[in-house]
A.B. asks: 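Before anything else, here's the structure in question.
Lettering follows sequence order; numbering is per chain, from 1. The structure presented is a predicted model; accordingly, all values stated were derived computationally and were not measured.
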Amino acid sequence: MDVSHLIDPLNPAQREAVCAPTGHYLVLAGAGSGKTRVLTHRIGWLTEVERVSPWSILAVTFTNKAAGEMRHRAEQLMPSGTRGLWIGTFHGIAHRLLRQHWREAGLPETFQILDADDQTRLLKRIINGLGLEEARWPARQAAALINGWKDEGKRPGAIPVDFNPALKTQIDIYRNYEEHCQRSGLVDFAELLLRAHELWLNHDELLKHYRERFRHLLIDEFQDTNTLQYAWIRLLAGATGQVFVVGDDDQAIYGWRGAKVENVQQFLRDFPGAKTLRLERNYRSTGNILIAANAVIANNPGRLGKQLWTESELGEALDLYAAYNEQDEARFVIDRIKQAVREGGRNDGCAILYRSNAQSRLFEEALMVEAIPYRVYGGLRFFDRMEIKDALSYLRLCGNRHDDAAFERAVNTPPRGIGERTLDALRSRGRDQKLSMWDAVQAELAGGLLAARAKAALRAFAELIEQLAREHDALTLAEQMANVIERSALKAHYQANAKGQAESRLENLDELINVAARFERSPEDREAGLSELAAFLAHAALEAGDAEGEAWEDCVQLMTLHSAKGLEFPLVFLVGLEDGLFPSQKSLDEEGRLQEERRLAYVGITRARQKLVLCYAESRRWHGMDTFNRPSRFLSEMPNTVLQDVRPRVQVARPSAFGRNASSFLAERGLLRGGVVETPPIKLGANVRHASFGDGVVTDFEGAGAHARVQINFANSGRKWLVLGFAQLTVL
DNA sequence: CGCCGCAGGCTTTTT
DNA sequence: GCCTGCGGCG
C-alpha cells in the first residue's frame, strides 16, 4: 500500500511520532514544529496502515477552530473516509455524550447549555433569593468558585467546610445553583465535563462500551488540560486505550483558569511505558527569533527541555524601540506597518500583540487616523451579543419551558409590562414550591394574588410562547427564527430603542436568520436524537460563530498574547514590554506566575516568521495615571546579538538627568552597539528646519536621550513639541 | 420603565 | 481613562 502521502511530508522526528507502534506517547511539540500535522498524520497512519477503524479513534482539542482544522486535514489524508471518527472539543464531546445518554446522566431530554453570562445572571438571582447581600457575595466570584470546583470534579458535598462560615455560604450558593440548574434543565460549561465524567463513573456498562470503542485517544494542547479533563481521559483510556498526547509545557499559559501543566509529567507516571518524543525543528521563524525565544524560556526552571532549531537563516535582528510614551509607541508601530506595506507586505501579515486588552485602543485610534483596516480579536462573540441572546431565549423557551435563564431574559425584552414586583412574586413562589418560572406563572394564573393587570401581561406572554411553539412545527429553523424576531416585537424594540446601535443590532438579527438558514444538523447530532432546534441552540452555545457574516480582508491583526497562541505572522510587534504590564504587576510577586508570563513571552516571540519588533514606553498613561515602568525583564533575557536598538537619528547634546532610557538600559546590559549617532546633536537654541513646519529655534526639550521631545518655536507655525527621532529636523 | 450620573474596578479566555 | 453596574429620579 502506498503511504507516501502520509510520511513524505514529515521530517525524521515527526515521522517517528506518526509511525510509532501503538502505545502511549507524549509528543513535546515546540512552537511551529508541525504538531497539527503530526496529529492528523497519526490518525491517517492508524487507519491506513495499522488498519484501525476510524470508529475507534477519538481526537480531542480545546477550541472548535482546532477541531475543525484537524477534521479537515484528516479527511484529506483518509481516502477510505472518516466515518465514525470523533474529533471535537472536550465540551463538544461531553455534550454529545450527554445528549446520547441524557437519561443515565440524570438530565431532561431537552436540557440546554448555560453560557457564562447566563450563569452569572442566574447566580445573582439565587444569591438574592437566599437573602444574601450582593455586594458581599458577588455573582461573578461565586461563578468562578463554582466553576473551579467543578473543574476539580467537586460537588458541593465533597468540599470540606473547615468551619469557615464564608466558605459555607459559598457552598450553599453552589448547592442552590445546582438544584436550580437541575430543575431548569440547564448545564453550564464545566457541568458538561463533570456530568460526562460522572456518567462513566456511575455507569459501568457505558464506560465499558466507550472503552471498547475508543481504543485510540489523541489529545491536542495537552498542557492546557485541567484536573477534570485529565481524569476523564484516564477514565476512558482505562487499561486498554492507547493515548497519544501532544503538547508543549513551554506554552502552558492557562494555569490561571485551572489548566495543570503538571498533567504532562503526571501522564508519564500514570501511563506506564509511555514514551516521550520531541519535535524541536521549527519551520516558522528565522534563526534570530528562535535564539531570542530559546534564551527567554531557558530562564524557566523545571522544563521538560526542548530547544528549537531551524535550518532557515538568522534573518534580521529583532528591533527594540524605546518609545517616549504610549502614543509614541503606537505611532512607531503604525509607521512600521506602513513601511512594511510600502515594501510589498500586507496588512494582514502584521500583528500587534499586547498583554492586556486595554492596550488595543491606542493602536486602533492610530490605525483609524491612517485609514488602515484592522481587526481586533477577542471581542464579543456573535452568539453573545445582546440582541442575539434575546432572540435565542424565545427559541429556548419554546424548546424547554422550564429554562429559567431564558425565561428571565425573554419575559421583559421587549418590555411588556411585567415588572420587577411581579417577577419577584414568581421567583419566590418558584423557590418555595420548587417550580420553574414557567410553572410559577401557571400557578399564579390559576389562583395567585397578583393584580389583574400583571396577570393579563403574564397570560399574554405565556400565550405568545405557546403560540410560537405551535407554529414552529410547520416551519424551518430560519422561518422560526424570523417568526420569533417578528412576533416577539424584538425587531421593533431595537428599531426604537438601540440608540446609535439600532442598525448593527438589526443587521445582527438578520444575520441570525441567515445563520439559521445555513445551519445544518450534523449526522452526529441527528444520531444523538437532537432536533434541528436543539442542535442549533447547542451550536450557538458551544461555538463562537466568529465567521458569521463578517469579512476580514487584509486587516492588521490586533490581539492579546493569549489569543495569538497557535497563530503566526510575517511581522509581529510585541508592545508594552514593561515590567508591571508584561510581566503583569500581579504576577511579579509569585515565581510560578512569573514563569507563566515568561511562557507567554515565549508564545509571543514564536508567532513571528520573518521579523519581530519589540517596544516599550518610558512613560505610559495607565488606568488614568502616569506610570514609569522599567523595560520588561524579558528583554534583558534576550542575548544582545539578536537585538538591535532602533534609535532616532538625532540626539540632544545635553545628557539626560534621567538614568532610564533606551541607551542607558542597553548600556547597562552591554547591549549598546553601533557607537555614535551620525547626525550632529541638536543644542538648545539651535536653528532647525522641518519639512512642513519650516524654520524655527529649539527652545526646550524633555525626556531622555535619544527619545527626547523638543520644543521648537517655528517662525510660521508657532511652538510645537516634536519627537526628535522622527521629526526629520535639519540643523541649519 | 428608562435615562442619567456617579462610584469603583481594572490581566489573560474558551467552551 | 473607560466601562460596568447601581441607585435615584422623572
A.B. asks: Under 4.0 Å between any heavy atoms, over every strand shown, what does D188(A) touch: base, sugar-phosphate, or nothing? Just pick one.
C.D. replies: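 Nothing: the residue D188(A), judged by heavy atoms under 4.0 Å, touches no strand.
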A.B. asks: Counting side-chain heavy atoms from CB outward, which of dC6(C), dG2(B), dT13(B) is closest to E134(A)?
C.D. replies: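 Closest nucleotide to the E134(A) side chain: dC6(C).
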A.B. asks: Mind checking if K124(A) touches a base, just sugar-phosphate, or nothing, with heavy atoms under 4.0 Å?
C.D. replies: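 Touches sugar-phosphate only.
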A.B. asks: So if I take every side-chain heavy atom of Y254(A) and compare against dC6(C), dT13(B), dT12(B), which nucleotide ends up nearest?
C.D. replies: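 Nearest to the side-chain atoms of Y254(A), counting from C-beta on, is dT13(B).
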A.B. asks: A cation-pi test, strictly: NZ or CZ of R598(A) under 6.0 Å from the centre of the six-membered ring of Y602(A) and no more than 45 degrees from its axis. Yes or no?
C.D. replies: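 Verdict for Y602(A): no cation-pi partner in R598(A).
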A.B. asks: With respect to the phosphate group of dT14(B), does any side-chain polar atom (N or O) of N64(A) fall under 4.0 Å of OP1 or OP2?
C.D. replies: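 No, no such contact exists.
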A.B. asks: When L542(A) is tested against each of I113(A), T89(A), D115(A) for side-chain contact (heavy atoms from CB on, under 4.5 Å), which residue passes?
C.D. replies: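 It is I113(A); the other options fail the test.
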A.B. asks: For T63(A), which contact category applies under a 4.0 Å heavy-atom criterion: base, sugar-phosphate, or nothing?
C.D. replies: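 Touches sugar-phosphate only.
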A.B. asks: With the threshold set at 4.0 Å, does a side-chain nitrogen-carboxylate oxygen contact exist between R355(A) and E597(A)?
C.D. replies: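 Yes, charged N to carboxylate O under 4.0 Å.
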A.B. asks: How many whole angstroms separate atom NE2 of H539(A) from atom C1' of dT14(B)?
C.D. replies: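 After rounding, the reported distance stands at 15 Å.
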A.B. asks: Can you check whether F62(A) stacks with the dT14(B) base, using ring centres under 5.5 Å and planes within 30°?
C.D. replies: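 Per 5.5 Å and 30° rule: no stacking.
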A.B. asks: Atom CD of residue position E365(A) - does it have more than 12 heavy atoms of other residues, nucleotides or ligands inside 6.0 Å?
C.D. replies: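 Buried by this count: over 12 neighbours within 6.0 Å.
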A.B. asks: Side chain of R361(A) only, please: which of dC1(B), dT15(B), dC2(C) is the nearest?
C.D. replies: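 Minimum distance to the R361(A) side chain belongs to dC2(C).
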A.B. asks: Give one of base, sugar-phosphate or nothing for D115(A), where a contact means two heavy atoms less than 4.0 Å apart.
C.D. replies: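 If one applies the 4.0 Å heavy-atom cut-off, D115(A) turns out to touch nothing in the nucleic acid.
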A.B. asks: If you check every side-chain atom of H91(A), which of dT15(B), dG1(C), dT12(B) has the closest atom?
C.D. replies: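 From the listed options, dT15(B) comes nearest.
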A.B. asks: By nearest heavy atom, map G417(A) and E597(A) onto DNA chain B; which one lands nearer the 5' end?
C.D. replies: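 Per heavy-atom nearest nucleotide, the more 5' residue is G417(A).
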A.B. asks: Would you indicate which nucleotide in dT12(B), dG2(B), dT15(B) comes nearest to any side-chain atom of T560(A)?
C.D. replies: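 Nearest nucleotide to the side chain: dT12(B).
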A.B. asks: dG9(B) P sits how many Å from Q141(A) CD, rounded?
C.D. replies: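 Checked: the CD to P distance equals 13 Å.
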A.B. asks: For the side chain of F189(A), starting at C-beta, report the closest nucleotide among dC2(C), dT15(B), dT13(B).
C.D. replies: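 The answer is dT15(B), which lies nearest to the side chain.
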A.B. asks: Want to settle it: does L561(A) or R416(A) sit nearer the 5' end of DNA chain B, counting the closest nucleotide to each?
C.D. replies: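 With L561(A) and R416(A) compared, the 5'-side residue is R416(A).
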A.B. asks: Side chain of S563(A): nearest nucleotide among dT13(B), dC2(C), dT12(B)?
C.D. replies: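 Among the listed nucleotides, the one closest to the side chain of S563(A) is dT13(B).
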A.B. asks: Counting the atoms with a prime plus P, OP1 and OP2 as sugar-phosphate, which does R599(A) contact under 4.0 Å by heavy atoms, base, sugar-phosphate, or nothing?
C.D. replies: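 No contact at all - R599(A) keeps every heavy atom at 4.0 Å or more from the nucleic acid.
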A.B. asks: Looking at R155(A) and E191(A), is there a salt bridge between them, counting it only when a charged N and a carboxylate O are closer than 4.0 Å?
C.D. replies: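 Yes, charged N to carboxylate O under 4.0 Å.
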A.B. asks: If we take the P atom in both dT4(C) and dT13(B), what is their distance in whole Å?
C.D. replies: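 Roughly 15 Å separates the two P atoms.
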A.B. asks: If you check the A116(A) side chain, which of dC1(B), dG1(C), dT15(B) turns out closest?
C.D. replies: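 Among the listed nucleotides, the one closest to the side chain of A116(A) is dT15(B).
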A.B. asks: Quick one: L353(A) CG to dT12(B) C1', roughly how many Å, whole number?
C.D. replies: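 Taking CG of L353(A) and C1' of dT12(B), I get 13 Å after rounding.
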A.B. asks: Less than 4.0 angstrom from a charged side-chain N to a carboxylate O is my criterion; do K389(A) and D118(A) meet it?
C.D. replies: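 Yes, charged N to carboxylate O under 4.0 Å.
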A.B. asks: Taking the side chain of H623(A) as its heavy atoms from C-beta onward, which of dT15(B), dT12(B), dC10(B) lies nearest to it?
C.D. replies: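 Nearest nucleotide to the side chain: dC10(B).
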A.B. asks: Hey, are the side chains of K150(A) and D188(A) touching, using non-hydrogen atoms and a 4.5 Å cut-off?
C.D. replies: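 Yes, close enough: below the 4.5 Å cut-off.
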A.B. asks: Can you see if the side chain of T89(A) gets near the phosphate of dT15(B) - specifically, an N or O under 4.0 Å from OP1 or OP2?
C.D. replies: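 Result: no.
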A.B. asks: Would you say N147(A) reaches dT14(B)'s phosphate, i.e. side-chain N/O to OP1/OP2 under 4.0 Å?
C.D. replies: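 So the side-chain polar atoms of N147(A) never come under 4.0 Å of the phosphate oxygens OP1 or OP2 of dT14(B).
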A.B. asks: To the nearest Å, how far apart are Q229(A) CD and dT14(B) P?
C.D. replies: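 Rounded to whole Å, this separation is 15 Å.
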A.B. asks: Could you check which of dC1(B), dT13(B), dC2(C) has an atom nearest any side-chain atom of R257(A)?
C.D. replies: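 So the side chain of R257(A) is nearest to dT13(B).
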A.B. asks: Applying a 4.0 Å non-hydrogen cut-off, can you work out what D224(A) is touching in the nucleic acid: base, sugar-phosphate, or nothing?
C.D. replies: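 If one applies the 4.0 Å heavy-atom cut-off, D224(A) turns out to touch nothing in the nucleic acid.
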